[in-house]
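Comments concern the structure below.
The chains referred to below are lettered A, B, ... by the order of the sequence lines, with proteins before strands, and numbering in each begins at 1.
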Amino acid sequence: MPRARLGRFTKPMSKVFSYPKSEKLKNKKTIDLLFSEGKSVSKYPLKLIYAQTAPFFNTQIEAGVTVPKRNFKSAVTRNRIKRLLREAYRINKQEVFNNTEGRFAFLFLYLGKEVPTFKQVEKGMKVVLQRFFEAEITQNRKK
RNA sequence: UAAGCAGGCUACCUUAUCGCUCUGGCGGUGAACGUCAGAGAGGAAAGUCCGGACACCAUAGUGCAGUAUAGCGGGUAACGCCCGUCGUUCCAUUUUAAUUUCUAUUAGGAUGGAAAAGGACCAGUGCAACAGAAAGCAAGUACAGUUCGGCUGUAGUGAAACCAGGUAAACUCUAUACGGUGAAACGUCACGUAAAUCGGUGUUUGAGGGCUGCACGCCCGAAUCGAAGGGUAGGCGGUUCGAACCUUUGGGUAACUAAAGGUCUAGAUAAAUGAUAAGGAGCCCCGAUGUAUUUCGAGGUGUACAGGAUCCGGCUUAUUGGCCUGCUUUUUUA
RNA sequence: GGCCCUGUGGCGCAACUGGAUAGCGCAUCUGACUACGAAUCAGAAGGUUACAAGUUCGAAUCUUGUCAGGGUCA
């Protein structure tokens, strides 16, 4: 563990609504982990797959975004939906940072078959994150 | 002024807030991070249909096989691309001749435009449904003519009929070009496992490899091939200055090219250009005025096709609106 | 990013060295048989051979270009 400095865990909070490169979910292993063992909550047209990961890197949450090629053939519309999803996560992620303990990996899937507006995506994002909190709280109480 | 055709250019804008990637400066030992400044998708970035650059494989070698192209000349790094030109076919206009009351038909010439994968059945092999005597090496119907010789002409079937027949986007032949594999190439650093198990072949009598379909030749060569199984699937370089773009002058019918001057113009990697709000160009529709252009008011829309992934030159396909140039036809005025 | 393959009724397949009505099985519909159903028998419908252009007298077949689907790679 050469580069893991656990004391550096907290990020500076000056840029609240940012979504830099280091918070993006890139590692193929963790993505495989998400699909095999991750739990999910969904609110059409969004679906959130999440899993707890080891506290290894500096970031608290890694998040990724996916739009299936099967539903959207054009690369332009796929890029647009991914941008909308990223934007919605960027604006609403602060609640997650304030209300959770531990590290998580997120993957947002878009399941709809039509191009949404930003308001639809943001509404779905808020609901999905709320359901994520509820699921986590009930799990903690069971423990 | 309007319409059509051909070619070229362009790709909505402004403000505010929040945000993304890269580069440079400063702070920071360094990384992270902060801050300031700058840069940040296309005409097709697409399809991957051709041609190259570049990298590795012998210094890329020989023969066969295979693939591609096809009048002639030029351009180019190269091309299946582009330009010019010849012939062919089609269309339009015009003209001549014959027939005809006219319309029109046939044949020939001229002008303009368009299209196309446009070598060779005088090397050989194959193919041709139905119809037809006969569709390829053998035969033959009817009528007419006749120098009486299966000599000549006509008719009928058919897309094609006796003729050196048709057919090569049939095999093939001729000429020319092409070695193979492709940035998941290739180099390098790091992490990690199994130097284990089973079976085959082999060490100068040479296994196997050098990703070519085969043969030869050349090089490396002591281990190697297969099965099942285990590990890693990360970083950096290649990677953006290039057959680059712009302007002027000269050469060329043109495609294009030479010289001089100037410019720096994306480098992401689960993949950067976005979101929200307001407003304005533009477009559409409705109403009023009006011969019409226009003007005023209200509403809608505020864009089509579409996102770099090593890089260039083409081709093909998708596509909305605006602007410019040329040609043709038409209207008005003088 | 590169390379390769395939498109024929609703489904699975034939016909592919060009020759005319594109065929077979299952499924569908109608009728018969039966008290009713299944099975069986008889009959019918359903195709612009993925789309577009070309070569040819003639194209599912040959050529080219689009579109759709699938496979493969360190």
Side-chain angles (χ1 to χ4, degrees), chain A residues 1-140:
Chain A
M1 234 187 255
R3 290 174 63 181
R5 300 190 186 177
L6 300 177
R8 286 275 189 172
F9 201 83
T10 47
K11 271 171 62 75
M13 287 294 169
S14 54
K15 299 191 78 173
V16 174
F17 298 113
S18 69
Y19 182 41
K21 214 173 177 179
S22 56
E23 288 182 24
K24 286 182 185 172
L25 177 64
K26 296 179 181 181
N27 196 302
K28 191 172 159 65
K29 264 187 159 178
T30 52
I31 293 169
D32 288 340
L33 182 82
L34 277 175
F35 278 110
S36 58
E37 298 177 15
K39 302 160 202 165
S40 68
V41 288
S42 63
K43 163 78 175 75
Y44 188 83
L46 288 179
K47 182 177 186 181
L48 168 62
I49 302 179
Y50 65 95
Q52 208 154 10
T53 52
F56 195 85
F57 295 106
N58 294 348
T59 49
Q60 188 178 357
I61 287 178
E62 287 182 306
V65 147
T66 307
V67 177
K69 197 173 185 178
R70 187 171 294 274
N71 293 349
F72 298 95
K73 223 167 67 62
S74 163
V76 172
T77 56
R78 252 184 289 128
N79 273 346
R80 171 161 176 82
I81 294 166
K82 280 154 80 176
R83 281 168 181 159
L84 289 173
L85 288 174
R86 275 199 291 266
E87 190 72 11
Y89 171 72
R90 181 176 73 78
I91 289 171
N92 294 295
K93 73 169 190 175
Q94 202 53 41
E95 298 182 40
V96 184
F97 275 72
N98 291 339
N99 296 331
T100 54
E101 292 284 325
R103 292 191 66 259
F104 286 95
F106 282 1
L107 190 67
F108 295 95
L109 286 136
Y110 186 77
L111 300 175
K113 301 201 171 169
E114 288 168 8
V115 182
T117 62
F118 178 73
K119 286 183 179 173
Q120 291 171 337
V121 173
E122 192 178 24
K123 194 178 166 188
M125 178 65 70
K126 282 180 176 169
V127 173
V128 159
L129 290 178
Q130 192 60 41
R131 290 187 182 174
F132 163 71
F133 292 140
E134 288 168 6
E136 278 302 299
I137 288 164
T138 51
Q139 197 183 42
N140 288 343

ask   = Of the candidate nucleotides C:rA68, B:rG307, B:rG274, which contains the atom at the shortest distance from the side chain of A:V76?
value = B:rG307
task = Take the angle between the ring planes of A:F108 and A:Y89 and call it parallel below 30°, perpendicular above 60°, tilted in between.
result = tilted
key: A:R78 CZ - B:rA45 P separation (whole Å)   = 19 Å
ask   = Between atom CZ in A:R80 and atom C1' in B:rC20, what is the gap in whole Å?
value = 16 Å
request  = Write down the distance separating the P atoms in C:rG12 and C:rU8, rounded off to the nearest Å.
outcome  = 8 Å
inquiry  = Using Watson-Crick or G-U wobble geometry with both distances under 3.5 Å, which nucleotide pairs with B:rC26?
reply    = B:rG34
request  = Using the P atom on both, measure B:rG34 against B:rG261 and round to a whole Å.
outcome  = 47 Å
query = Considering only the C1' atoms, how many Å lie between B:rG326 and B:rC296, rounded to the nearest integer?
reply = 40 Å
task = Name the nucleic acid region contacted by A:T66, choosing base, sugar-phosphate or nothing; use a 4.0 angstrom heavy-atom cut-off, strictly under.
result = nothing
Side-chain donor/acceptor contact of A:R90 with base of B:rC18 under 3.5 Å = yes
request  = Sort out the partner of C:rA50 for me: Watson-Crick or G-U wobble, both distances under 3.5 Å, none otherwise.
outcome  = C:rU66
request  = Counting heavy atoms from C-beta on, name the nucleotide in B:rG307, B:rA271, B:rA275 closest to the side chain of A:K24.
outcome  = B:rA271
key: Heavy-atom pair with the smallest gap, counting every atom of A:V121 and A:P116   = CG2-CG, 3.6 Å
query = Taking A:Q120 for the side chain and A:T117 for the main chain, is one N or O donor matched with an acceptor at less than 3.5 Å?
reply = yes
query = If you take all heavy atoms of A:K24 and A:E62, which pair is closest and at what distance?
reply = O-OE2, 3.9 Å
task = Rounded to whole angstrom, note down the P distance from B:rG7 over to B:rA44.
result = 14 Å
request  = For A:A63 and for A:E87, locate the closest nucleotide of RNA chain B by heavy-atom distance; then report the residue assigned to the nucleotide nearer the 5' terminus.
outcome  = A:A63
inquiry  = Treating A:R78 as the side-chain partner and A:K73 as the backbone partner, does any N or O pair qualify as donor plus acceptor under 3.5 Å?
reply    = yes
ask   = Within the structure shown, what part of the strands sits under 4.0 Å from A:I31 by heavy-atom distance: base, sugar-phosphate, or nothing?
value = base
query = Does B:rC56 pair with anything, Watson-Crick or G-U wobble, both distances under 3.5 Å, and if so, with which nucleotide?
reply = B:rG180
message = For B:rU265, does the O4'-C1'-N9-C4 or O4'-C1'-N1-C2 angle fall within 90° of 0, making it syn, or is it anti?
response = syn
remark   = Between the NZ atom in A:K43 and the CD atom in A:Q130, the distance rounded to the nearest 0.5 Å is 13.5 Å
note = Among the nucleotides B:rG19, B:rG307, B:rU276, whichever has the atom closest to the side chain of A:F118 is B:rU276
ask   = On a whole-Å scale, what distance lies between the C1' atoms belonging to B:rC56 and B:rU319?
value = 42 Å
query = For the side chain of A:N79, counting heavy atoms from C-beta on, which of B:rA41, B:rA275, B:rG19 is nearest?
reply = B:rA41
message = Using whole Å, what does the distance between atom C1' of nucleotide B:rG274 and atom CZ of A:F17 come to?
response = 16 Å
query = So which heavy atom on A:L25 is nearest to which on A:A105, and how close?
reply = CD1-CB, 4.3 Å
key: Nearest-nucleotide 5' precedence on RNA chain B, A:K21 against A:L84   = A:K21
key: Base-pairing assignment for B:rA2 (Watson-Crick or G-U wobble, both under 3.5 Å)   = B:rU329
ask   = If anything within 90° of 0 is syn and all else is anti, what is B:rG43?
value = syn
ask   = Within this structure, what is the CG-to-P distance between A:L85 and B:rA275, rounded to whole angstrom?
value = 13 Å
query = Rounded to the nearest Å, what distance is computed from the NZ atom of residue A:K69 to the C1' atom of nucleotide C:rG70?
reply = 13 Å
query = For A:S18 and B:rC18, is the shortest distance between a side-chain N/O and OP1 or OP2 below 4.0 Å?
reply = no
inquiry  = Would B:rU240 be called syn or anti here, given the cut-off of 90° from 0?
reply    = syn
message = Looking at B:rA161, which nucleotide sits across from it as a Watson-Crick or G-U wobble partner, both distances under 3.5 angstrom, or is there none?
response = none
Atom-to-atom span, OH of A:Y19 to C1' of B:rA271 - whole angstrom = 12 Å
inquiry  = Could you tell me the Watson-Crick or G-U partner of B:rA309, where both distances fall under 3.5 Å? Say none if there is no partner.
reply    = none
task = Quick one: pull up NZ in A:K39 and CG in A:L34 and give me the separation to the nearest 0.5 Å.
result = 11.5 Å
message = As a test of reading the structure: which of B:rG274, B:rG308, C:rA68 is closest to the side chain of A:K73, going by heavy atoms?
response = C:rA68
task = Would you tell me if any nitrogen or oxygen in the side chain of A:R86 comes within less than 4.0 Å of OP1 or OP2 on B:rA271?
result = yes
remark   = By the Watson-Crick or G-U definition, both distances under 3.5 Å, C:rG43 is matched with C:rC29
Nearest heavy-atom neighbours spanning A:V67 and A:F72 = CG1-CD1, 3.5 Å
query = Which nucleotide in the set B:rG274, B:rU21, B:rA271 lies at the smallest distance from any side-chain heavy atom of A:P20?
reply = B:rU21
query = Which nucleotide in the list B:rU21, B:rA41, B:rG19 gets nearest to the side chain of A:R83?
reply = B:rA41
ask   = C:rA22: syn or anti, with syn meaning chi within 90° of zero?
value = anti
ask   = With both distances under 3.5 angstrom, what nucleotide forms a Watson-Crick or G-U wobble pair with C:rA59?
value = none
query = Say you pick atom P in B:rA134 and the same atom in B:rG158; how far apart are they, in whole Å?
reply = 14 Å
query = For A:F72 and B:rG307, what is the distance between atoms CZ and C1' respectively, to the nearest whole Å?
reply = 17 Å
message = Taking the P atom in each of B:rA53 and B:rA233, what is the distance between them to the nearest angstrom?
response = 38 Å
d(CD, A:E23; P, B:rC33) in whole Å = 10 Å
ask   = How far does the P atom of B:rG180 sit from the matching atom of B:rG51, given to the nearest Å?
value = 11 Å
query = Using a cut-off of less than 4.0 Å, is there contact between a side-chain N or O of A:K119 and OP1 or OP2 of B:rA277?
reply = yes
